[in-house]
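The block underneath contains the structure these notes are about, expressed in structure tokens.
Both ligands and their constituent atoms are indexed starting at 1 by order of listing. Note that the coordinates shown come from a computational prediction; the quantities given were computed from them, not determined experimentally.
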Amino acid sequence: MVRYAVLKGFYELEKTIGCGGFAKVKLAMHTLTGEKVAIKIMEKAHLGDDLPRVELETKALKNLSHQHICKLFQLIETDTHYFIVLEYCSGGELFDHIVERNRLGEGESRSFFRQIVSAVAYLHNIGYAHRDLKPENVLLDKEHVVKLIDFGLCAKPKGGMDSHLSTSCGSPTYAAPELVVGKRYLGSEVDIWSMGVLLYALLCGCLPFDDNNIDTLYRKIISGRYDEPEWLSVGSKRLIKSMLQVDPKKRITVDKLVCHPWVTLGYDGPVNKDSVYDLHVRDEECLNVMSQYYGMSSSELWLRLSSWKYDYDTATYLLLMTRKKRGLPVRLVTSSHHPF
Ligand SMILES: O=C(Nc1ccc2c(c1)CCNCC2)c1ccc(-c2cn[nH]c2)cc1OCc1ccccc1
């Protein structure tokens, strides 16, 4: 049978680029715009108790629109599968970038770290915590711009960012001490700890707490003690120390991070924590191009688009917007352009 018949005519599937725990990521081309996308494919039968994570991720992604967060374009659900159509991040994982360079210099680390802080500050300000920040969840696009992924564990606590969570989740290596001992914790505080581990990985090329034995690993995390390689500057050591505080109440907050002297060194100001694009903007040029193609008026088409169903029309509109942001012509591809 044709694999993934539901995509036929809408996306040209290309190779599989990643097989995560319960998901497979395939490259594809969005037929109408010719834009490359990544499609995260999950078989419902294999998801088991991970099913709620998919709902959580898709619900979160619909409300997120930020230059350093991987954009959601379309959601497709069949009886057997979920398909999440996402922004194409051809730079791969930040993790691989660090490994192939052994470690990054302070300048390059600062550039990546500022983008991660921008994304996390945005998340915290709209009441979300990621809770699974790790190098594998930091992707790069082709210009090496940071794109945060995998909001399968993110939380938007009912009582806002001051209400405690208790679900133990995320990967132990990056998990904060309070998470590891099973205490109730604040999502924002565990994100700061994980960002401390991320910054350490950028600057040192290894992890502050690591061990094959999980109990030894937990003991190291709870102790809060880690090596400081001799190449670390005093500023770097101070910043890492302020994030890897065992007591979450002593840990630096993201609002302090955005204007921290190490983070702003060489830049003309604090990290911009706002999104450069608002979530549901009406763009006349994109609307016109689509309405001509669909043979309807812009206002009629906007009526359909502004319910944000994250269907193929949403994907087409959002992909035209990304083309526009990249200075590419805002146009749709009639079938004759595609060779097959
Ligand atoms: O576009 C994504 N990945 C991606 C696209 C193109 C290329 C590469 C990678 C690197 C491998 N060489 C080919 C170029 C891509 C986009 C979104 C998501 C995603 C968003 N929520 N969850 C997953 C995952 C993605 O990937 C996973 C991956 C696969 C292989 C390695 C590195 C990363």
Show the atoms of ligand 1 that are less than 4.0 angstrom away from any heavy atom in [X].
X	answer
A38	1 (O), 2 (C), 15 (C), 16 (C), 17 (C)
E87	16 (C), 17 (C)
I17	2 (C), 3 (N), 4 (C), 5 (C), 9 (C), 26 (O), 29 (C), 30 (C)

>> Which option wins on minimum heavy-atom distance to atom 19 (C) of ligand 1: I149, D150, L140?
In response: I149
> Heavy-atom distance to atom 8 (C) of ligand 1: which of C19, C70, S90 wins?
Replying inline: S90
>> Checking the N or O distance criterion of under 3.5 Å, is ligand 1 in contact with C89?
In response: yes
> For ligand 1, is there an N or O atom under 3.5 Å from any N or O atom of K40?
Replying inline: yes
> Hey, which of W193, Y200, Y218 is the one that makes ring pair (Phe, Tyr, Trp, His ring centres under 6.0 Å) with F209?
Replying inline: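 The passing option is W193.
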>> Just to confirm my output: which protein heavy-atom neighbour is closest to atom 13 (C) of ligand 1, and how far is it?
In response: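 Residue, atom and distance for the closest contact: K15 NZ, 4.0 Å.
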> Can you tell me which residue and heavy atom of the protein come closest to atom 32 (C) of ligand 1, and the distance to 0.1 Å?
Replying inline: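 Result: E93 CG, 3.8 Å.
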Assess whether a salt bridge exists between [X] and [Y], defined as any Lys/Arg side-chain N lying under 4.0 Å from an Asp/Glu carboxylate O.
X	Y	result
K325	D283	no
K44	E77	yes
R326	E143	no
R53	E57	no
D255	K273	yes
E189	K249	yes

Under-4.0 Å heavy-atom contact with ligand 1, by part of [X] that carries it:
X	answer
L27	side chain
L86	side chain
L139	side chain

> Counting N and O atoms only, with roles assigned by atom type, does the side chain of T33 sit under 3.5 Å from a partner on the main chain of L320, one being a donor and the other an acceptor?
Replying inline: no
> Does the protein put a heavy atom less than 4.0 Å from atom 26 (O) of ligand 1?
Replying inline: yes
> Does atom 4 (C) of ligand 1 have a protein non-hydrogen atom under 4.0 Å from it?
Replying inline: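 Given the 4.0 Å cut-off, atom 4 (C) of ligand 1 counts as touching protein heavy atoms.
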>> Testing L217, V190, I222, I214 one by one against V180 for a side-chain contact (heavy atoms from CB on, under 4.5 Å), which residue passes?
In response: I222
